[in-house]
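I have placed the structure first, in the form of structure tokens, so that the comments after it can refer back to it.
Order of the sequence lines sets the chain letters (A, B, ...), proteins ahead of strands, with each chain counted from 1.
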Amino acid sequence: MLNSIDRRILRQWQFDPTLTPAELAKRAGVSLGKLGRRQARLRDEGIVQGVQAVVDWVALGYAVEVSLRVTLDKTQPRAFENFITEARDIPEVIEIQTFLGRVDVRLSVIARDMAHYQNLYRSRVLSLPHISDIEALMQVAQIKNDEVLPL
Amino acid sequence: MIDLDDIDFAILRLLSEDGTQGAGAIGRVCGLSQPAAWRRIKRLRDKRAIRGLKLRLDANKIGFGVTVFLGVKLALKGGVGLEDFERAVTAIPEVQTVEHVLGLYDYRLRVVARDLPDFERVLRRRIMTLPGAGAVEANVLLSEERLSGPIGQSRS
């Protein structure tokens with residue numbers, strides 16, 4: 001578990017991952033040496049999984065993002081496995097989540113435009129196995145997307 | 001929109017796995033000199049193909065054991081606007097993402113909590129009391145995988 005120093009470091013670090021170690025140490029109020037040791041420990045323990053670049057799909061020409069909420073035919077014993085394995089092979093699927101609730105699986109699908117989306121939906125998504133119901137939410141805008149944890 | 005070739009895609013793929021890699025390391029993998037790799041990375045940043053860096057944390061290990069996605073339908077009346085709702089919902093620390101969507105719901109929220117009782121507290125005290133909030137549907141996240149998307153042939 002985290003102590004208060006770890007929390008201070010993580011709070012500043014997740015708020016701005018581009019900070020240099022010196023800036024981060026200053027903001028978190030720890031020495032540079034201590035910061036390095038804590039960061040190494042947080043990585044070793046798997047608490048920090050990495051610092052990743054965030055790709056902007058809109059800038060790359062993918063203007064459409066749709067959230068597809070799928071209910072699976074659970075009479076099929078391998079419905080989840082088969083569905084997810086095949087969904088992974090669609091390059092435009094950028095996220096796969098499974099849920100407890102009314103929705104079983106959710107896919108985030110990106111497309112260049114509506115025509116491209118329609119084509120993907122018909123030729124790739126609808127041919128995925130064991131779908132019993134599917135509904136779409138089209139993203140209009142991302143209002144908040146920092147995914148910062150309330151530490 | 002920017003024109004990208006296979007090497008740009010490879011660089012994007014590498015950086016979306018580990019965004020701390022320098023131009024030297026990227027260049028070695030992609031067969032570029034350090035300055036050539038640096039120029040390409042700079043261009044990707046300048047053209048906003050890379051939006052920034054994100055620290056990936058294991059929420060479970062820090063004590064956030066529950067992630068719930070909420071579909072929220074607005075019941076707008078009495079002069080409450082979308083802006084009021086958006087301002088209030090983005091200020092809730094437990095709400096990680098807010099998407100305005102078209103379809104069955106108006107907004108999709110990603111909410112983290114320590115456990116189910118903590119989630120119930122967030123739902124009752126913070127979400128249900130939002131200006132304009134109507135019907136809410138909750139789905140508890142069981143598993144999640146993020147894929148590299150259509151940036152090149154090989155998927156990691």
Side-chain angles (χ1 to χ4, degrees), chain A residues 1-2 6-7 10 13-18 42 45-63 65 67 69 84 88-89 91-103 106 108 110 135-151, chain B residues 1-2 4 12 14-20 44 47-59 61-64 68-69 71 86 89-90 92-105 107-108 110 112 137-151 153 155:
Chain A
M1 280 310 285
L2 303 176
D6 294 324
R7 270 174 215 285
L10 286 178
W13 196 6
Q14 64 171 349
F15 181 69
D16 186 358
T18 63
L42 290 167
E45 291 180 359
I47 292 170
V48 170
Q49 294 170 326
V51 180
Q52 303 171 330
V54 182
V55 174
D56 188 328
W57 295 111
V58 177
L60 293 187
Y62 289 84
E65 180 167 347
S67 181
R69 297 147 51 96
I84 290 171
R88 273 190 204 118
D89 287 338
E92 288 81 5
V93 170
I94 58 169
E95 215 169 66
I96 303 174
Q97 295 164 330
T98 62
F99 290 101
L100 184 68
R102 207 172 61 80
V103 175
R106 196 189 69 86
S108 275
I110 54 172
E135 65 195 27
L137 295 176
M138 167 128 350
Q139 191 185 88
V140 181
Q142 285 190 334
I143 315 292
K144 180 182 187 180
N145 63 0
D146 48 23
E147 279 184 54
V148 157
L149 289 169
L151 287 165
Chain B
M1 195 190 147
I2 47 172
L4 300 180
L12 279 177
L14 288 167
L15 288 175
S16 61
E17 281 155 25
D18 178 3
T20 62
L44 290 171
K47 301 280 185 185
R48 306 284 294 155
I50 297 171
R51 204 159 54 191
L53 291 178
K54 184 154 91 184
L55 185 66
R56 298 271 307 159
L57 298 175
D58 185 330
K61 287 194 175 156
I62 324 179
F64 292 98
V68 182
F69 279 84
E86 288 178 2
V89 75
T90 51
I92 303 174
E94 289 87 357
V95 173
Q96 290 190 293
T97 64
V98 178
E99 288 168 81
H100 187 185
V101 292
L102 275 184
L104 210 53
Y105 296 96
Y107 289 92
R108 187 164 168 269
R110 180 190 178 107
V112 286
E137 183 200 278
N139 286 291
V140 178
L141 185 71
L142 294 178
S143 74
E144 173 170 51
E145 56 183 289
R146 296 189 186 196
L147 307 166
S148 57
I151 44 178
Q153 277 70 46
R155 306 283 305 270

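For NZ of K47(B), the number of neighbouring non-hydrogen atoms (other residues, nucleotides, ligands) closer than 6.0 Å is 12 at most.
For the atom pair OH (Y105(B)) and OG (S67(A)), the distance works out to 11.5 Å, reported to the nearest 0.5 Å. Note that CD of E65(A) is 6.0 Å distant from CD of E99(B), once rounded to the nearest 0.5 Å. Remark: L141(B) CG to R106(A) CZ distance equals 9.0 Å, nearest 0.5 Å. The line from OH of Y107(B) to NZ of K144(A) is 14.0 Å long, rounded to the nearest 0.5 Å. To the nearest 0.5 Å, the span separating OG1 on T90(B) from CD1 on I143(A) amounts to 8.5 Å. One distance of note links CH2 of W13(A) with CG of L53(B); it measures 11.5 Å at 0.5 Å rounding.
A salt bridge between E147(A) and R146(B) is present, with a side-chain N of the basic residue lying under 4.0 Å from a carboxylate O of the acidic one. Between E137(B) and R102(A) there is a salt bridge, with a side-chain nitrogen of the basic residue lying less than 4.0 Å from a carboxylate oxygen of the acidic one.
Contact of E135(A) with chain B is made through the side chain alone, with heavy-atom distances under 4.5 Å. Residue A136(A) touches chain B through its backbone alone, counting heavy-atom pairs closer than 4.5 Å. Residue contact with chain A, scored on non-hydrogen atoms closer than 4.5 Å, involves the backbone and the side chain of K54(B) alike. Heavy atoms of V148(A) lying under 4.5 Å from chain B belong exclusively to its backbone. With a 4.5 Å cut-off on non-hydrogen atoms, I62(B) touches chain A through its backbone and its side chain both.
Between Q96(B) and L149(A), the closest heavy-atom pair is NE2-CD2, 3.5 Å. Across Q97(A) and E144(B), no two heavy atoms sit closer than the pair NE2-OE2, 2.8 Å. When every heavy atom of V101(B) is checked against every heavy atom of Q139(A), the shortest pair comes out as CG1-CA, 4.1 Å.
Contacts with chain A were tallied for G71(B), A138(B), A59(B), P93(B); P93(B) has the most, counting heavy-atom pairs under 4.5 Å. With respect to chain A, the highest number of heavy-atom pairs below 4.5 Å among L15(B), L102(B), L44(B), L104(B) belongs to L102(B).
Contact check for L60(A) versus L12(B): side-chain heavy atoms found under the 4.5 Å cut-off. Contact annotation: the side chain of L57(B) never approaches that of L42(A) to less than 4.5 Å [non-hydrogen atoms, C-beta and beyond]. Between I47(A) and D58(B), the closest side-chain pair of non-hydrogen atoms is not below 4.5 Å.
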* Asked: What do the steps show when you test N139(B) against R69(A) for side-chain contact (heavy atoms from CB on, under 4.5 Å), and what is the final call?
  -> CA-CA 11 Å; N139(B) 286 291; R69(A) 297 147 51 96; 4.3 Å; yes
* To do: For the pair F99(A) and V140(B), evaluate side-chain contact (heavy atoms from CB on, under 4.5 Å) and give the outcome as yes or no after the intermediate values.
  => CA-CA 5 Å; F99(A) 290 101; V140(B) 178; 5.8 Å; no
